[in-house]
Amino acid sequence: MDVRAVVDWFDEVKRDLPWRSPDRTGWGVLVSEVMLQQTPVARVEPVWLAWMARWPVPSALAAESKGEVVRAWGKLGYPRRALRLHEAAAAIAAEHGDVVPADVDTLLALPGIGAYTARAVAAFAYGKRCPVVDTNVRRVIARAVHGAGEAGPPSTTKDMADVEALLPKEPADAAHLSAALMELGALVCTARTPRCRDCPVLSTCAWQRAGRPAYQGPVKAVQKFAGTDRQVRGLLLDVLRGSAAPEPKAKLDGVWSDAAQRDRCLDSLLVDGLVEQTADGRFALPGEG
DNA sequence: CAGACGTGGCC
DNA sequence: TGGCCAAGTCT
């Protein structure tokens, strides 16, 4: 792959996202990466801005109650991420001098930070040289390098080796390329209807040269949502996000007709720590902690 | 490793 | 209309 062409293209068309600002902090980058896990940029941006204004450093978030954090997470989805970020902030404040670590293994030890996020923070916040592999990068590599229509099943080891092979020696250049590959996957080499006419590596793309063959690998199961526990949990939590005071169970009973499923979901929210029961039996977002 | 885990916009 | 998809992580 023509790495230089990708980087030049990126410098020309990249989006002006707030977490890419020259005065970005490790904390800002970490918060953005966690919010962006499975959630589109357009929905993250306003929430990220609000969070940075309200909690500019990890210790500020750590000092907040879990309920406030879950409420401020809003409708970004997968609210357990908010709880884990809260826990991570507490660990960073207590054990790392209120500074987000720059070391990949140290980052990996924090809750909610996995292989992707740890390397994204190390690279984008601190300019470390490490392969940053997300779904965009996997798709770009699958097409441009391997000539496949889509990426196959994820394999952290193999995926990182693929990117490592492309990474420039200089750490800053490596981080720059990772950002560029992600942007290429997000804007041009998209899952549906890729904009190949706008692609900076069209002439060397292995998929293009192979005649754009259809994807041959295993069929990816589409995730259902309607009627699942995830939907019911979302409905239950949405009621409590909108309530300043604890709500009686009867209030929650209105969100879903299947009582068994409703109760199971409420219980799982309690287990996850996303909901708490008051002494008088009502339900609310969690208080101190 | 497959499945759970939110939410909303798009084609 | 409804399936597909969005900068993953955890168990």
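As the structure is a prediction and not an experimental result, all values here were calculated from the model.
Where A:R84 and A:R15 each meet DNA chain C at their nearest nucleotide, the meeting point lying more 5' is that of A:R15.
In this structure A:R80 satisfies the side-chain hydrogen bond (donor to acceptor under 3.5 Å, both in side chains) test with no other residue, sequence neighbours excluded. Listed by chain and number, the residues in a side-chain hydrogen bond (donor to acceptor under 3.5 Å, both in side chains) with A:R54 are A:E68 (sequence neighbours excluded). For A:E87, the side-chain hydrogen bond (donor to acceptor under 3.5 Å, both in side chains) test picks out no residue, with sequence neighbours left out. Applying the side-chain hydrogen bond (donor to acceptor under 3.5 Å, both in side chains) rule to A:S21 yields the partners A:D23; only residues at least two apart in sequence or on another chain are considered.
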### Summary
Each nucleotide of nucleotides 5-11 of chain B classed B (base within 4.0 Å of a protein heavy atom), S (only sugar-phosphate) or -, in 5' to 3' order, makes BBBS---
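Spacing between C:dA6 and B:dC5 at atom C1', rounded to whole Å, works out to 15 Å.
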Report, one line per pair, each donor and acceptor closer than 3.5 Å where one atom sits in a side chain of residues 35-46 of chain A; sequence neighbours left out.
unit_1 : atom_1 : unit_2 : atom_2 : d
A:Q37  : NE2    : A:G112 : O      : 3.4
A:Q37  : NE2    : A:T117 : OG1    : 2.8
A:T39  : OG1    : A:L76  : O      : 2.9
A:T39  : OG1    : A:R81  : NH1    : 3.4
A:T39  : OG1    : A:R81  : NH2    : 2.9
A:R43  : NH1    : A:K75  : O      : 3.2

Give the table of side-chain donor-acceptor pairs shorter than 3.5 Å for residues 183-195 of chain A, with sequence neighbours excluded, one pair per line with atom names and distance.
unit_1 : atom_1 : unit_2 : atom_2 : d
A:E183 : OE1    : A:R15  : NE     : 3.4
A:E183 : OE1    : A:R15  : NH2    : 2.7
A:E183 : OE1    : A:R20  : NH2    : 2.8
A:E183 : OE2    : A:R15  : N      : 2.9
A:E183 : OE2    : A:R15  : NE     : 3.1
A:E183 : OE2    : A:R20  : NH1    : 3.2
A:T190 : OG1    : A:R192 : O      : 3.0
A:T190 : OG1    : A:T193 : O      : 3.3
A:R195 : NH1    : A:L187 : O      : 3.3

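Counting only residues at least two apart or on different chains, the ring pair (Phe, Tyr, Trp, His ring centres under 6.0 Å) pairs with a member in residues 21-69 of chain A are A:W19-A:W48, A:W51-A:W55, A:W51-A:W73. Residue pairs meeting the ring pair (Phe, Tyr, Trp, His ring centres under 6.0 Å) criterion with at least one member in residues 231-250 of chain A: none, sequence neighbours excluded.
A:L274 forms part of a hydrophobic cluster together with A:V70, A:L83, A:V232, A:L235, A:L236, A:L237, A:V239, A:L240, A:L252, A:V255, A:W256, A:L266, A:L269, A:L270, A:V275, A:F283, A:L285, judged by ILVMFWY side-chain heavy-atom separations under 4.5 Å.
Put simply, CG on A:L187 is 12 Å from P on C:dA6, counting in whole angstrom units.
Within residues 98-113 of chain A, the residues having any heavy atom closer than 4.0 Å to DNA chain C are, in order of number, A:P111, A:G112, A:I113. Contact check of residues 132-150 of chain A against DNA chain C (heavy atom, cut-off under 4.0 Å) returns A:D134, A:T135, A:N136, A:R139.
Note on A:W19: a base of the nucleic acid sits closer than 4.0 angstrom, heavy atoms only.
Each of A:R129, A:K158, A:R119, A:K169 was checked for a salt bridge (Lys or Arg N to Asp or Glu O under 4.0 Å) with A:E164, and the lone residue meeting it is A:R129.
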